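Just the heavy atoms: all of them, side chains too, but no hydrogens, waters or symmetry mates, feed the values below. The sequence lines fix the lettering, A, B, ..., with proteins before strands; numbering per chain opens at 1. In this text the structure is predicted, and so the values were computed from the model without any measurement.
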Amino acid sequence: MTADLTGAERVFWRITGWPRTILCAGLLVIVGLGLFVPSLTTDTTPDAFIADDNPAIVYRDRVRQMFGLEDPYIIAVVDEGPDGVFNRDTLALVATLTRAIQRLPMIDPDRVTSLATERDIVGTEAGMMVEPFLPNEEGGTLDPARVRAAVADFPLYQGTLVARDGSATLIIAETVAMAADEPAYRAIKGVVDGMAQPEGVSLHIAGEGAISGYLGAYIDADAKRLNPLAAVVITLVLVMAFRSVAGAVLPNIIVMATLAVAFGLMAITHVPFYVITNSLTAILIGIAVADSIHILSEYQDRTVRHPDQQQRLTIVRTMAAMWWPVTITTVTTIAGFAGIWLGADMPPMEAFGIFAAIGVGVAWIYTMTVLPAALVLFGAPKGGRRAADLFGPAMEAFGRFVLAHPRAVVTLSVLVAVVGVIGATRVIIEESAIGNFQQGEPIVIADEEINGRFDGTNYLDIVVETDRAEGLFDPERLRRIAALQAFAATLPGVQGSTSIVDYVKQMHRAVNGHDRKFAIVPDDPDMIAQLFLLYSTTGEPTDFQEEVDYAYQRAHVRLHLNTNRYRANRAIIEALNRYLADTFAGSGMTGALSGRVYVNHHWLDTIAGNHVRSVVISLVLVWLTAAAVFRSAVGGTLAMVPVVFSVLLIYGVMGFGGIWLGVGTSMFAAIAIGLGVDFAVHALHRMQTPTGETDDGTEGRILAMYRGTGRALFFNCAAVALGFLVLASSSVPPLARFGALVALAVTVSFVAALVTLPALVALCRPAFLDRRVTPLSGCGQAPVVRSGGGLSGVAVLAAALTAGAASAGAQDPMSADAIMARVVARDDGRQMTRTLHMAMTDRQGTTRERETVSYVVQEDNEKKTVIFYTEPRNVKGTAFLTYDYSGAGTEDDQWLYLPALRKVRRISASDRGDYFLGTDFTYEDIKKENKVALEDYRFRRFDDGNAEVDGHATIAIEGVPADNATARELGYGRAVWHIDPAIWIARRTEMWDINGNPLKTINNDDIRKVDGIWTVHRIEAENHKTGHRTVFEFSDVDYATPVDPKMFETRRLERGP
Amino acid sequence: MTSAKARAPVGIARVRDGAVALTLSLIAFGAGWTSLRADDDPWSDRIDVGAIVESRYAVETDDGSTQVLEGVLTPDVRIDFPEGFQLTAIARLRGDAADKLEPGHPSQDTRSSLSRRWFIGDDVDAELRELFVDADLGPVALRLGKQQIVWGKADGLKVLDRVDPQSFREFILPPMEDSRIPLWSVNAEVPVGDAYLQLIWVPDRTYDDIPERDAAFAFTSPLLVPKPPAGVPVTVEDAERPDRPIADTDAGARLSGFFGGWEWSVNYLYHYADLPVFYQERTADGIRVRPKYRRTHLAGGSASTAVGDMVIRSEVAYQTDRYLTVDETDPDGVARSGEANWVLGLDWSGLTDTFVSGQVFQTVLTDHDRAMVQDEVETILTFLVQRTFLNETLTARLFHFQGVNEGDGLVRASVDYALRSNVDLSLGWDYFFGDNDGLFGQYDNRDRVVLGVRVGL
């Protein structure tokens, strides 16, 4: 029994021989790695999107250390009443909230800023005094009107701490270093929610810290909802496809393994779970199931075709037939994810790419081992009469339609692609952190409120460095900073700014009786130093920590922007950079940008580059894989058509639909490429497979593809697309868009693979489809080309028929084509053994002789030739082996054994026009042996006056190569054969090179019958250009004795004839 | 180094001498038979006798001295028996007047007694090169006897080709067929599905021929032999040879096939590495070197395919136990590491009559220690260009080896001309360059021009 199996079948036979072991091992792995999953950490901070060594982050961290800045939580207290917040209750609320927040363990009490903590600078007789706006806890009366006046007199706080119209005030809190955002957010929310709010007062929480905490909550909610939903949806698909429990359950085992391994490894390697990792689950579920759909589908078909076959054998045969396409699609999908991994330099995207690739790889392993094992143990869904039979004929009808109008289909597809390209040019790159939330979310409302009433919570920082300590006491420098602030205020989007200069101005005013005209930078540096000294007597030493460093050398200017939209802020950043470069140059000061807005800008800048890079890498990797699989560049390119098509269409949708290309959406393309190419690969692979029927045209195979693979592809597409559509229901808007885009892209790929691709194949009839380089099931031979021979045979017949019909007098048996056809059809036996003596004489008359023994065997579509050199001793042992495949476009396999190396050397299939081992015969001459490849030439009868050669009557046929490429390949521009119609062999052949110069003449002499076959025993070739002559003398020609097939093995080359 | 010269036990010497004598007589017999017997005697078809006569003259370019002046006769006979098996015997008689490659009478203690050469004076040696029987037992192809077993697809340097040892008397310059030492082995090849499983057993405990200290191509690179610190006296003991007849034999298996245009193989060999490990013992009166042969597993594979005008070849071999020389800090001067070797080669024949080939070799030590003389990753690049002229009678060839780590290398340029069918002339130039501590650079002063004639009889 096992002797009848092919190699692949034997492997699967062995696998299915240990079903329990494999199943147990598979389950162990799931459990083992799954145990790690709960220890996954999450990282929802926006900084997670930037690699730790990114210069912007590094600098930002330095700046933070310098000035002690952290991402803030912003609590807004909004009072719509007539006094705004300047009433007792509201101010008391601010105070209470502030203290409550300060008491929270993860909040740094010194870094809470509100009306309750900030101090006013008040002028006194002694100079100035610093006192808080609101009284402390113990004692002190609260006078709202005084507070209002004080704030009104301190421009620094207007728009930043208190709304300019007084309707709201902020409490800004920062966490202690290393505190996690989500618990902090929840704690603050807890405090806020627990506060009794007076009438007309509303509280809002916003700010960077809040965003990141909120996202964490989103992810949890999403995970709880999306993943079960995805599982349910996919199981439904499976049930519909297979109508059986096994069909639904088995693929889910693969899903579990994929998820367990991918996330388990993520936990083990301490890679955190990022916002986008959330989408990985739904994706992996869809992909993991796809392969098993194809295999189960095939299995069902086989049980219908061979109902009595033993189940294990059917399973083995199914796996053997399907393992190759399943592997190819796995590899291409991995290639797509690898493109993301390699193309992105954002850690979450890299993690996404690599763990997705790992998950896909694991799915493959389980599909190859655990699936057949489980099938054997638990039985498999049998095929049978089912409603799904509608699919087959429906697909075929669709296929016929497509094949009937291939040109229309291709034109339409091109038009759609053009539309896509136009849309692609309109795609804009844009991102906004708040865009990660849905419109009605409290955090969005909070963000709108705050950015509407205040100067803005989006901070862009400028760090100004002077060249020495206390450099900031220099009024010139301070004025420069003030000018910078003034310039920044002119930029649209910059609502306000704060810096040490504002404090200096306020202090100057204070010591001058709050006279407004002293709200300027003093001229005297000593004065400035004194102001700071005065402040320090009543103020806290850390009061200016955020604005200036301890040595008064570096200043921090904070710009308040009201949006975190990338494009808007890009303009601001570019303008600032220009200003800094122009005005700060040579002044002893430098300015550098930092802050949340800048960091976001920095990495978003790279989104376009990342996206393009990952798309290009994915495309290249996938193309390489497809080309390697089909061993043809044309095949690779055809496989890419549906995918490129779908990606263009999605760009079009994004462009016309105004969907931004941001962090979440930028990954869609690489994923869509990796997934979408599967359809084309399966389709092309099926088209390569002959159906087993005799009349195997390209059309026949395309239709068979529709009938057979079309159904499986449909469910494959359904599973994957639905998996992504589940993602489209995510709470995080960018993820939802991402899911929808990929689902759309995958569906379009599927449609294009079933519409555009077959139409293209029908029009182009690419050669690689005739070559089958994967093992066939059911026969134990080395890879053999099938149908290629049939195709070229049909071509010959067609050429002969058309040529015959075209020539005047329809059925003239002596037309040029008819004659050449008879020459080609001449019998030259199924095998041959002969000895050859070669004599090569150069222009000077020196002759070198060689002797060889050769064996030839002609199998159905393959001609094998082996030549052993026996004389002289110098070359004895050299051997040459060729497998000549009759399919057009399939290259020969050739080997050369060199005794000096004692090694068989694989050589590349020589060009047909190259000269064979130093003789005057080309490889084509040797292979064809007095015949020609009819498709290479256009023939006509020719009367050159020489009607006989060596006393035999001959007919002269002239041949001109069919096109320039063939002419260059062969090396001939023209050839004339003098055919002897009695034996259908050319007695003399003359060749001219491609420039029309006489090239060589070949004479065939001593033609006798051996074993009933006309055999040439002497061939002489004379090269007119080099003056070199080659004479081949054959002896001991034997067609009858069967040749041991072992003679044509590479291992035999060393042993000799 | 001083070395003791071992003498084989008398009985074994007799067997060896007998084998050589047998071969030479077979050849004589065959030659006589074919010349005397009538043409229609079936046996005259079955015996094939011939010989190659070669002569080479190599001159060192540094000082014009003669490096090699040798004549070699390689007779061979092949007999096809009617029972379906073939007997092949190849012998070699070589005389080198310059006597620089193996000055005097070199010791043969790396050779098992059945594989030794027979010296006639200082300059001439005779050797039974190969003597084996090929037989087909059902599907199994069996080759028994003294033979060359070659694995791998690399040119010039060896990755998988470790079954047979090599004679380094002329470094890697001679053709592998001449420098490889054939071993007495059992070699069986069994078809397994579409693939072939080759099982080999090599009871012949023969190892690499390392040239003596005073030979032209003696090893001086620290990568091959430990370099003693200056002024310290060194004594070298005889190598400790494995001598258990069964337990110290080598065995291996290779599974190979052709699939989808790819030739592939998976190889495994359990053998004694053919170069000894130089254990060092530091004593009060210098360093004592005790060479010892150590076992290792070798597992690897190869794959090659042809794509258009290009052939891609690759080979990988992992040896589990390699013993590398370390510097003075280690007590026995040797540390163990696994070693992975791989090569990737590209052959291109896109231009008519031209062949271009490039290879990248890498050796990676998996348990590298800073103290080891060999770097963790050693890379060698090779580049070959070859072009034929005049209907392949004239071949010009350039082969460049470049060691990346030390920056040393070897350039071999040659021109071969087929003067007659059976007469080949050749002119070649071998040029070593680079750091004297490198694999190639150690022969920096051995650059030479070689003139050769080869006649087939």
Side-chain angles (χ1 to χ4, degrees), chain A residues 5-7 10 628 631 772-775 780-783 839-840 842 846-851 870-876 883 891-895 898-911 913-915 917-920 1023 1026 1028 1030 1044 1046 1049-1052 1054-1056, chain B residues 48 50-52 74 76 78 86 88 134 136 141 143 148-150 152-153 155 161 175-178 180 189 193-196 198 256-261 263 304-311 313 347-350 352-353 355 388 390-393 418-424 454-457:
Chain A
L5 301 177
T6 63
R10 251 183 280 253
R631 301 236 312 177
R772 189 64 201 291
V773 285
T774 57
Q781 288 176 332
M840 288 164 292
D842 65 17
T846 315
T847 304
R848 290 167 191 84
E849 294 178 2
R850 303 256 160 88
E851 204 162 291
T870 52
E871 293 283 332
R873 219 101 194 127
N874 301 47
V875 298
K876 182 179 172 199
Y883 292 171
E891 283 175 356
D892 300 347
D893 288 314
Q894 293 182 337
W895 294 263
L898 296 166
L901 300 177
R902 290 291 176 106
K903 241 183 1 200
V904 175
R905 197 185 190 107
R906 182 79 183 277
I907 55 186
S908 64
S910 318
D911 293 323
D914 284 348
Y915 285 99
L917 299 181
T919 64
D920 294 302
N1023 188 320
T1026 59
H1028 193 274
T1030 305
D1044 184 357
K1046 289 215 201 69
E1049 303 277 322
T1050 51
R1051 61 214 68 255
R1052 187 65 198 228
E1054 191 195 338
R1055 199 156 139 181
Chain B
D48 185 34
I52 301 221
T74 313
D76 65 88
R78 177 174 149 153
Q86 297 97 37
T88 306
D134 281 311
D136 286 318
R143 180 177 278 194
Q148 293 194 22
I149 298 178
V150 182
K153 308 227 166 277
D155 284 340
D161 185 9
M176 282 303 297
E177 184 190 30
D178 296 336
R180 194 176 286 116
E189 202 148 19
D194 292 336
Y196 283 87
Q198 178 189 39
S256 59
F258 179 62
F259 175 72
E263 281 188 282
S304 73
T305 188
V307 178
D309 289 328
M310 192 135 70
V311 171
R313 313 176 259 118
D347 300 334
W348 184 61
S349 31
T352 318
D353 293 333
F355 178 72
T388 60
L390 307 177
N391 289 77
E392 291 192 20
T393 52
L419 185 68
R420 291 282 180 276
S421 317
N422 61 340
V423 179
D424 293 316
R454 200 159 174 262
V455 178
L457 302 175

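With a 4.5 angstrom heavy-atom cutoff, B/Thr305 touches chain A via backbone and side-chain atoms both. Looking at B/Asn422, the atoms closer than 4.5 Å to chain A (heavy atoms on both sides) sit in the backbone and in the side chain alike. At a 4.5 Å heavy-atom cutoff, the contact between A/Thr1050 and chain B is made by side-chain atoms alone. Heavy atoms of A/Val875 lying under 4.5 Å from chain B are absent altogether. Only the backbone of A/Thr847 comes within contact range of chain B, with at least one heavy atom under 4.5 Å from a heavy atom of that chain. Within the 4.5 angstrom heavy-atom criterion, only backbone atoms of B/Leu419 (N, CA, C, O) approach chain A. When heavy atoms are compared at a cutoff of 4.5 Å, B/Ala51 approaches chain A solely by way of its backbone atoms N, CA, C and O. Contacts between B/Gln198 and chain A at a heavy-atom distance below 4.5 Å are absent for every atom of the residue.
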Checking A/Arg906 against B/Asp347 for the salt bridge (charged side-chain N to carboxylate O under 4.0 Å, His left out) test, could you report, in this order, the C-alpha distance in whole Å, the side-chain angles of both residues, the deciding distance, and whether it holds? CA-CA 9 Å; A/Arg906 182 79 183 277; B/Asp347 300 334; over 6 Å; no
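With hydrogens and angles ignored, the 3.5 Å screen pairs a side-chain donor or acceptor of A/Asn874 with a backbone N or O of B/Gly456.
Minimum interatomic distance between A/Arg873 and B/Asp76 (heavy atoms only, all atoms of both residues): NH2-OD1, 2.7 Å. Considering every non-hydrogen atom in both B/Val311 and A/Ile907, the closest pair reads CG2-C, 3.7 Å. Scanning both residues, A/Ser908 and B/Ser349, for their nearest heavy atoms gives OG-OG, 2.9 Å.
Ranking A/Thr919, A/Leu917, A/Thr846, A/Thr1026 against chain B, the residue ahead of the rest is A/Leu917, based on heavy-atom pairs under 4.5 Å. Put simply, of B/Thr393, B/Val307, B/Val455, the one with the most heavy-atom pairs under 4.5 Å next to chain A is B/Thr393. Among the candidates B/Glu177, B/Arg313, B/Met310, the residue making the largest number of heavy-atom pairs closer than 4.5 Å to chain A is B/Glu177. When B/Gly350, B/Ser304, B/Gly308, B/Ala195 are compared by the number of non-hydrogen pairs under 4.5 Å with chain A, B/Gly308 comes out ahead. Contact count against chain A (heavy-atom pairs under 4.5 Å) is highest for B/Asp424 among B/Asp161, B/Asp424, B/Thr88. Residue with the most contacts toward chain B among A/His1028, A/Glu849, A/Glu1049: A/His1028 (heavy-atom pairs, distance under 4.5 Å).
Summarising the geometry, atom CD belonging to B/Glu189 is positioned 11.0 Å from atom NZ belonging to A/Lys1046; distances are rounded to the nearest 0.5 Å. A distance of 11.0 Å separates CE in B/Met176 from CZ in A/Arg902, rounded to the nearest 0.5 Å. Expressed to the nearest 0.5 Å, how far CZ of B/Phe258 lies from CH2 of A/Trp895 amounts to 4.0 Å. To the nearest 0.5 angstrom, B/Asp48 atom CG is 8.0 Å from A/Thr870 atom OG1.
For B/Asp136, the side-chain contact (heavy atoms from CB on, under 4.5 Å) partners at least two apart in sequence or on another chain are A/Arg1055, B/Ala141.
Salt-bridge formation is detected for the pair B/Asp155/A/Arg905: a Lys NZ or Arg NE/NH1/NH2 atom is positioned less than 4.0 Å from an Asp or Glu carboxylate oxygen.
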